[in-house]
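Along the sequence shown, residues carry numbers from 1. Treat the numbers as computed from the prediction; the structure is a model and nothing was measured.
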Amino acid sequence: QKIMADVHKDFQTEMQAQSTRGEAEPQGGGSIFDTQAQAQQIAQTWLSIPYEQRRIEMNKLQQANRTLYALAKDFMDKMRGSAATQ
């Protein structure tokens, strides 16, 4: 939960910085729910590709968007955990 709170805070800070710089919001209005849905989709994609390719894709996203990376990694870890308990 602390990680999610930190990610949410980082997301809000980034959104404020973008609006201060006059940058457009991401597609879909840029709500935290849009970002979470995107992160969940990325996590599903990561789990469906081979490990080496996954590491490459994760590194790319980490460099491009740390907030989205953190959310997607968290979703991926949760998906793995729920799959292990089934």
Next on the checklist: If you apply the rule side-chain contact (heavy atoms from CB on, under 4.5 Å), what do you find for M58 with M76, and how did you get there?
Outcome noted: CA-CA 11 Å; M58 289 176 76; M76 185 177 72; 3.7 Å; yes

Checklist entry - For R55, does its backbone N or O pair with a side-chain atom of N59 as donor and acceptor, under 3.5 Å? => result yes

Output side-chain donor-acceptor pairs under 3.5 Å for residues 39-46, partner residues at least two apart or in another chain, one line each.
unit_1	atom_1	unit_2	atom_2	d
T45	OG1	Q41	O	3.0

Next on the checklist: Quick check for you: to the nearest 0.5 Å, what is the distance between F75 atom CZ and L47 atom CG?
Outcome noted: 12.5 Å

Next on the checklist: If you compare all heavy atoms of E57 against all heavy atoms of I49, which two are closest, and at what distance to 0.1 Å?
Outcome noted: CG-CD1, 4.1 Å

Next on the checklist: Measuring from atom CG of L71 to atom CZ of R66, what distance do you get when rounded to the nearest 0.5 angstrom?
Outcome noted: 14.0 Å

Checklist entry - Shortest non-hydrogen contact from L68 to T35? => result CD1-O, 3.7 Å

